[in-house]
Number of protein chains: 2
Amino acid sequence: MAVSELSIGVAPGVPLYQDVKRKILDVVRRGDWKPGDTIPSEKRLAERFGVSIGTLRKAVDALVTENLLVRRQGRGTFVTTHDESRYVYSFFHVLRHDGFKEPPEVQLVAFDRVKADSYAASMLGLDASAPLFRVVNLLKLGGKPVVIDEICVPAGLFRGLTEKRARDRKVTLYQLYQADFGVTVLRTDERVRAVKADATTASLLAVPRGDPLLKVIRRALSFNDKPIELRFSYISTERYEYNSEPVALS
Amino acid sequence: MAVSELSIGVAPGVPLYQDVKRKILDVVRRGDWKPGDTIPSEKRLAERFGVSIGTLRKAVDALVTENLLVRRQGRGTFVTTHDESRYVYSFFHVLRHDGFKEPPEVQLVAFDRVKADSYAASMLGLDASAPLFRVVNLLKLGGKPVVIDEICVPAGLFRGLTEKRARDRKVTLYQLYQADFGVTVLRTDERVRAVKADATTASLLAVPRGDPLLKVIRRALSFNDKPIELRFSYISTERYEYNSEPVALS
DNA sequence: CAGTGGTCTAGACCACGTC
DNA sequence: ACGTGGTCTAGACCACTGG
């Protein structure tokens with residue numbers, strides 16, 4: 001390594017554990033530890049970074065709360081992967097009115113390559129008219145259409161994505177992002193509006209044109225809050241609803 | 001005190017710091033430390049509960065992440081109050097399309113005493129037809145009506161709440177709950193649907209009848225996730241939108 | 001059984017706020 | 001100057017997992 005990982009030359013005023021946290025993050029980003037990997041034990045890491053176990057644990061604690069690492073007692077600490085069942089639908093917020101979350105049945109409706117409009121470019125942090133892949137999915141719940149997803153991702157990040165791969169995947173899109181393109185979704189932000197169903201959306205969802213739908217605008221973010229996806233979801237809330245995560249005083 | 005707070009007789013398998021956390025919680029719930037109070041220093045608390053400072057800190061850490069306590073370096077640790085400016089609108093999720101949060105101008109539209117229907121009773125954990133206070137507010141943003149709030153609270157928890165007090169308050173409703181009734185809102189859960197504006201809502205919001213509105217169903221929770229409020233918000237999203245909190249992989 | 005993370009101790013020293 | 005929370009150490013022992 002070019003620069004020592006030992007804690008010589010840390011900026012003054014920065015807590016050691018934050019510096020250690022950043023160094024662990026660097027290793028993950030560099031790809032030395034990949035999603036699903038076990039990372040070295042806390043004892044080894046403490047030696048490697050030249051800090052006490054308590055400090056090393058504090059750094060790992062922070063990464064665990066940010067969902068970059070997962071601890072399993074007796075086994076080790078792992079880099080988060082989307083393949084674990086508990087994560088697979090953690091970003092899917094459409095539930096039955098009784099609160100039950102059904103797994104959606106996904107149908108690809110459209111796939112194309114488009115140029116970013118100014119809104120998409122600013123939301124994704126790209127130059128205007130940057131190339132995007134655009135995927136439109138229809139999600140059925142309980143056998144009936146409930147959600148239309150319009151998904152835009154930078155073509156540069158997902159070189160080689162094709163209609164066939166988007167259609168034939170056996171996993172969620174975010175699992176595909178991670179497994180095939182090394183892109184990990186860590187966070188999303190979402191904003192919700194109520195809109196009237198336009199003609200095409202209404203026909204896909206089998207509701208009258210003009211019916212009220214939720215429009216959810218989602219950005220999916222990776223390391224350093226880098227935006228990697230912009231998604232518009234149109235949701236019929238006749239039998240389902242959008243569940244906001246519990247909010248605590250903050 | 002009837003039972004010693006020292007850690008004799010802790011259930012086996014329960015970490016000490018969780019026991020300490022529960023004991024601190026008990027003191028707050030008992031009202032010995034009220035919202036806004038400084039609690040004793042970490043050194044004193046460690047002595048009082050017979051644990052090391054590290055363990056005491058871990059208990060306080062947990063209560064801080066649950067927003068029951070607030071630490072301020074050099075000053076002390078405080079019981080959370082809703083009066084701090086950073087908390088005042090933390091449960092208000094209606095923002096301008098550009099992401100700016102304006103403080104709402106609130107007008108009381110109706111105040112009455114009603115019996116809980118079966119839905120409200122189950123959401124609030126009450127018996128059917130338990131007495132409720134019902135408050136209807138109109139919220140203006142940028143001078144124009146944007147939100148109708150219909151708020152239901154158990155009459156038993158808010159004895160003495162009157163139309164005048166609901167109208168004349170100089171603070172948010174949650175500050176009123178805490179200051180006048182000792183009820184602290186710690187968390188909310190929210191579910192969102194899209195609905196057509198009915199006649200009365202449409203006229204209050206000055207939108208055409210049948211226009212799409214967000215309907216947000218919120219429960220406000222206190223200690224032990226006890227429900228203390230059920231609220232229906234009808235939101236016109238022409239110029240504003242509902243902002244879901246950022247969601248992380250979980 | 002060995003190795004992992006989880007808990008806990010008993011200090012030390014630092015950074016910050018208040019007086 | 002003093003008291004507060006914030007960081008950090010260098011261990012010990014416990015609980016869980018896997019071979």
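So you know, we letter chains A, B, ... as the sequences are listed, proteins then strands, and number each from 1.
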Is there any protein nitrogen or oxygen under 3.5 Å from a nitrogen or oxygen in nucleotides 14-17 of chain C, and what are the pairs?
residue : atom : partner : partner atom : Å
C/dC16  : O4'  : B/Gln73 : OE1          : 2.8

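At the heavy-atom level, B/Lys43 lies nowhere under 4.0 Å from the strands shown.
First and last contacts of DNA chain D with chain A, using any nucleotide atom under 4.0 Å from a protein heavy atom and ordered 5' to 3', fall at D/dT7 to D/dG18.
B/Arg72 forms a cation-pi arrangement with B/Phe78, by the criterion of a distance under 6.0 Å to the ring centre and an angle within 45° of the ring axis.
The side chain of A/Ser41 contributes no N or O atom lying less than 4.0 Å from OP1 or OP2 of C/dG3.
Counting only distance, with no hydrogens or angles, the side chain of A/Arg169 and the backbone of A/Val171 share a donor-acceptor pair below 3.5 Å.
Between the side chains of B/Ser244 and A/Tyr242, at least one donor N or O lies within less than 3.5 Å of an accepting N or O. In this model, no donor atom of one side chain and acceptor atom of the other lie less than 3.5 Å apart for A/Glu42 and A/Thr77. Looking only at atom types and distance, the side chain of B/Thr184 has no donor-acceptor partner in the side chain of B/Tyr174 under 3.5 Å away. Side chain to side chain, A/Glu102 and A/Tyr240 meet the donor-acceptor criterion of an N or O pair below 3.5 Å. In the model, B/Thr80 has no side-chain atom that pairs as donor or acceptor with a side-chain atom of B/Asn67 under 3.5 Å.
Among B/Val106, B/Val146, B/Ile235, the single residue meeting the side-chain contact (heavy atoms from CB on, under 4.5 Å) criterion with B/Leu139 is B/Val106.
Atom NZ of A/Lys43 has 12 or fewer neighbouring heavy atoms from other residues, nucleotides or ligands inside a 6.0 Å radius.
In this structure, CZ of A/Arg57 is placed 14 Å from P of C/dT4, rounded to the nearest angstrom.
Nucleotides of DNA chain D nearest to B/Arg44 and B/Ile53 differ in position, and the one nearer the 5' end is that of B/Arg44.
Applying a 4.0 Å cut-off to non-hydrogen atoms, none of the residues of residues 31-38 of chain A approaches DNA chain C.
Centroid-to-centroid, the aromatic rings of A/Phe158 and A/Phe181 come within less than 6.0 Å.
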